**Student:** 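Structure below; questions to follow.
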Amino acid sequence: MLFDWLFRPRRQEARRELLAEPFPEAWQPFVQCLPFYRALDERGQDRIRDDLRVLVAEKDWEGCGGLEISDEIKVTIAAQASLLLLNIEHEYYKHVGSILVYPSAYKTAPRRDAAGVMREGQANLGEAWQRGPVVLSWDATVHGAVDPKDGHNLVMHEFAHKLDMLDGLADGTPPLESKDQLSKWVRVMSKEYQKLRNAAEQGRATVMDTYGATNPAEFFAVATECFFEKARKLRQRHPSLYACLKDYYHQDPAA
Ligand SMILES: [Zn+2]
């Protein structure tokens, strides 16, 4: 980001001030109703509360389609986005300037397809734009948040795309810590992706939603949802995939 260095000290000072304040009492019920939050230890909960406050303060939150943005909406979304960041080095999704929230499924803007033909927008629940906003529908956000075991979590899905895009490419591989980790990642993910594609073609049910067979970027986003929401099943049936995600997120939700 241009001139990022110029604003960094001021931003860090603002963060220190923000986090020196106590966590707003009125926000407690919003985090307490999230099953993943209740399952974390004290250190994890502290960290989620800190990170979500920064996300709430620094991102532009915009209600769309008649939705009025409330603290509940911001906290519910930011808390789930913070779970992915819990144990990784991060800069608070630095390429996410704004988060747009619709009441429910919305129609995407018309787009030109690969052949240059304008296509009408489609009904959608969420999107993550490269160097652009995250778009979410509020009812799908709530649905994904309250059922921690259905394998679907819209916020985690879209913010996993944002982690993937940190290196400028939506290719299913976020920035990794070492060459060893990268080579293991490529080996395991390619194999698992192919397995899911085969399952999708044959109409076989799998732990992961076969939407992940769309492309490698969707594979990583769907695998992330599954990692946090069907951790034990994923570990049991896809141990190498589970291990890769565990190494990346430095979390072990199946434990
Ligand atoms: Zn996606």
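These numbers come from a predicted model, not from an experiment. First listed ligand is number 1; within each ligand, the first listed atom is number 1. Basis for what follows: all heavy atoms, side chains included, without hydrogens, waters or symmetry-related copies.
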**Student:** Name whichever N, O or S atom of Glu218 ends up nearest to the Zn ion (ligand 1).
**Tutor:** OE1

**Student:** If I compare all heavy atoms of Asn153 with all of Gln80, which pair ends up nearest, and what's the gap?
**Tutor:** ND2-OE1, 2.9 Å

**Student:** Checking side chain to side chain donor-acceptor pair (under 3.5 Å) between His161 and each of Gln130, Glu127, Glu218, which is the one that passes?
**Tutor:** Glu218

**Student:** Quick one: report the N, O or S atom of His161 that is nearest to the Zn ion (ligand 1).
**Tutor:** NE2

**Student:** Indicate if the distance from the Zn ion (ligand 1) to the nearest N, O or S atom of Glu158 falls below 2.8 Å.
**Tutor:** no

**Student:** For the residue pair Glu192 and His238, confirm or rule out a side-chain donor-acceptor distance under 3.5 Å.
**Tutor:** yes

**Student:** If you consider just the N/O/S atoms, which atom of His157 is the closest one to the Zn ion (ligand 1)?
**Tutor:** NE2

**Student:** Report yes if the distance between the aromatic ring centroids of Phe228 and Phe36 is under 6.0 Å, otherwise no.
**Tutor:** no

